[in-house]
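Report on the structure given below.
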Amino acid sequence: MQIKELLQQQPAEQEVIVKAWVRTKRVSSSVAFIALNDGSTIHNIQAVVEENTVSEDVLKLVTTGSCVAVTGKLIASQGQGQAVEVKVKSIEVYGTADPEKYPLQPKKHSLEFLREIAHLRPRTNTFSAILRVRHALAFAIHKYFNDNGFFYLHTPIITGSDAEGAGEMFRVTTLPAINPPLNEEGKVDYKEDFFGKETNLTVSGQLEGELGAMALSKIYTFGPTFRAENSNTTRHLAEFWMIEPEVAFYELIDNMNLAEDFIKYLVKYALENCGDDIAFLEKRLLDEEKTKKKEEQSEMSLTEKLKFVVENTFERLTYTEAIEILLNSKAHKQNKFNYPVQWGIDLQSEHERYLVEKHFKKPVILTNYPKEIKAFYMKQDEDGKTVRAMDVLFPGIGEIIGGSQREDNLEKLIQRTKEVGIPEESIWWYLETRKFGSAPHAGFGLGFERLVLFVTGMSNIRDVIPFPRTPKSAEF
RNA sequence: UCCUCCUUAGCUCAGUUGGUUAGAGCACAUGACUGUUAAUCAUGGGGUCCCUGGUUCAAGCCCAGGAGGGGGAGCCA
């Protein structure tokens, strides 16, 4: 039985076996207490070893980090702090952990240090809580879509199109790194490569997702995504997970409604199903906040923040309206922005942060951006200047969703590909969806780790994925 | 990639103006203690001061280069 279940049992001296890792051991002359955790819950179960039940030699091997199977009786706890505990009959040690060498101590460790021991950090309270929340959110994503008539479409991880324009790509090749075959021009001859052409890891499943939506109407993808950008920030990974719904017959407004409903559902699901873990993370956050200056401390606790998102509507406004607000802001008038504000600029983090954290103090959906700063596939507005793009901006995280209604008019789409320099033949299959039975449709990409960041209240994206891949870092 | 800060015991960090044998808390080991909650108390062991080179009678401290890490920016999800 897992500890999560055991802690909910009525203690009636029934025999139980607990297989778990030792968190701490406290010994006095006649009794020893062992805190055990198997990752099923944030809570430990306490095993009580009374004198002469377990040999000294065995008890000596029970140290922080070791793995044991404890057999005993489940009884009501005599001490404070827990309802039940295990009165130990015997202990089998599965694996020892030399206390001189085991890096996790029963004390607070810095997140930076834990990142260096990513193979062991799931054994800490903080990371096991994060991983359970991460799981719950992933499950809720599938549940939401399934319950709403969406089909899970598996888009390829290896792609032959380099036209998505979402960022630098990782090359996939079986050609030798030294002396690869060359063509007549002296360049690498990809005709000799495994796929007979240049291939990369996907930067987005969207283009293929659209193909699915043009047949199944409502699809979503949820898979790993790769960007070879040299990004060194708290919100970027080289390998991350992205959710991309794509829906036929949806226009921008439907897309916004979906995005808002979807996020609220996920946050609510976490609140309802991960209460213990979120409570733990909230406490952790509170301790951390205490070390900060007063003005930097957040006004809301983690739970309050999550409830606030669930209970309030997201602010919706156009890019043009956002620029107006920025131009009329004190920050702009007092020259506080590092980047000047003007219609046509790509909004900088400081601008987004002003809108979300200072002006509206809630999630914001920005729409109808200038076409020059957005992707070629976004549907052009009637004014010829803007496109039906939408970004969902969250406090502390920035862009959590980027999406749009797609251009469904073949001529207009071809014209845009020409303007931005994408060769038609490289995405002929994408263009054909507009040639045969085209339909209005829309979709978006949600950064999974950014969502997990928000729900857990963590601040570095490397701490919400088990094994982060970032520039110069792919250990584990 | 740019800006900025950091690197001293297993962990978190202190280390004065460059000056003898580099410190603390926690962890760990040993002992004490009839029920603890990251137990408590006592004692003890533990150091390539990130690396390379330089300045100096003398470098953890100053200078140059490099490596690793944090935070911010850009790119985006």
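Letters A, B, ... are given to chains in the order of the sequence lines, protein chains preceding strands, and every chain is numbered from 1.
Nucleotides B:U43 and B:U36 have their P atoms positioned 24 Å apart, rounded to a whole Å.
Nucleotide B:G70 holds its C1' atom 12 Å from the CG atom of A:Asp463, rounded to whole Å. We find that CG of A:Leu366 is positioned 15 Å from P of B:C76, with the value rounded to whole Å. The CD atom of A:Glu51 sits 16 Å away from the P atom of B:U36 (whole-angstrom rounding). In this entry the distance linking CD1 of A:Ile465 with C1' of B:A77 reads 12 Å, nearest Å. Per the geometry, CZ belonging to A:Phe170 stands 14 Å off C1' belonging to B:C75, to the nearest Å. Straight-line distance from the CG atom of A:Asp346 to the P atom of B:A77: 11 Å, rounded to whole Å. Spacing between atom CD1 of A:Ile461 and atom C1' of B:C75 amounts to 14 Å, rounded to whole angstrom units. Atom CZ of A:Phe240 and atom P of B:C75 are 15 Å apart (whole Å).
The base of B:C33 has none of its N or O atoms less than 3.5 Å from a complementary donor or acceptor on the side chain of A:Arg26. Below the 3.5 angstrom threshold, one finds a donor paired with an acceptor across the side chain of A:Gln82 and the base of B:U36.
Within the model, atoms CD of A:Gln348 and CD of A:Glu350 stand 6.5 Å from one another, a figure rounded to the nearest 0.5 Å. To the nearest 0.5 Å, atoms CD1 (A:Ile34) and CG (A:Leu59) are separated by 5.5 Å.
Applying the side-chain hydrogen bond (donor to acceptor under 3.5 Å, both in side chains) test to A:Arg406 and every residue at least two apart in sequence or in another chain returns A:Glu246, A:Ser404.
The stretch residues 116-140 of chain A participates, sequence neighbours left out, in these ring pair (Phe, Tyr, Trp, His ring centres under 6.0 Å) pairs: A:His119-A:Phe476.
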Can you tabulate the close N/O pairs, meaning under 3.5 Å, that link protein atoms to atoms of nucleotides 1-5 of chain B?
from	atom 1	to	atom 2	distance (Å)
B:U1	OP1	A:Asn230	ND2	2.8
B:U1	O4	A:Asn230	O	3.2
B:U1	O4	A:Asn232	ND2	2.8

What nitrogen or oxygen pairs link the protein and nucleotides 48-51 of chain B at under 3.5 Å?
none

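Contact annotation: A:Arg23 does not reach the phosphate of B:U37 (side-chain N/O to OP1 or OP2, under 4.0 Å). Phosphate contact (OP1/OP2 of B:G71, side-chain N/O of A:Asn460, threshold under 4.0 Å): present. Within the 4.0 Å cut-off from OP1 or OP2 of B:A38, not a single side-chain nitrogen or oxygen of A:Thr24 is found. Put simply, A:Ser77 has no side-chain N or O that comes within less than 4.0 Å of OP1 or OP2 on B:G35. A close approach under 4.0 Å does occur between a side-chain nitrogen or oxygen of A:Arg115 and OP1 or OP2 of B:G70.
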*Heavy atoms under 4.0 Å is the rule here; annotate nucleotides 7-12 of chain B 5' to 3' with B where the base is hit, S where only the sugar-phosphate is, and - elsewhere.*
---BBS

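Each of A:Pro471 and A:Gln348 was matched to the nucleotide of RNA chain B holding its nearest heavy atom; the match closer to the 5' end belongs to A:Pro471.
Between A:Pro245 and A:Phe150, the closest heavy-atom pair is CB-CE2, 4.1 Å. In plain terms, the two heavy atoms of A:Lys73 and A:Val16 that are nearest each other are C-CG2, 4.5 Å.
Comparing B:G70, B:A77, B:U34 by their closest approach to the side chain of A:Ser30 singles out B:U34. Which of B:A73, B:G71, B:U37 sits closest to the side chain of A:Arg462 comes down to B:G71.
A:Gln46 comes within contact range of at least one nucleobase, with a heavy-atom separation under 4.0 Å.
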*Give the dot-bracket string for RNA chain B, reading 5' to 3', where a pair is Watson-Crick or G-U wobble with both distances under 3.5 Å, ( ) marks pairs inside the strand, [ ] marks pairs crossing earlier ones, | marks a partner on another strand, and . marks unpaired.*
(((((((..((((.....[...)))).(((((.......))))).....(((((..]....))))))))))))....

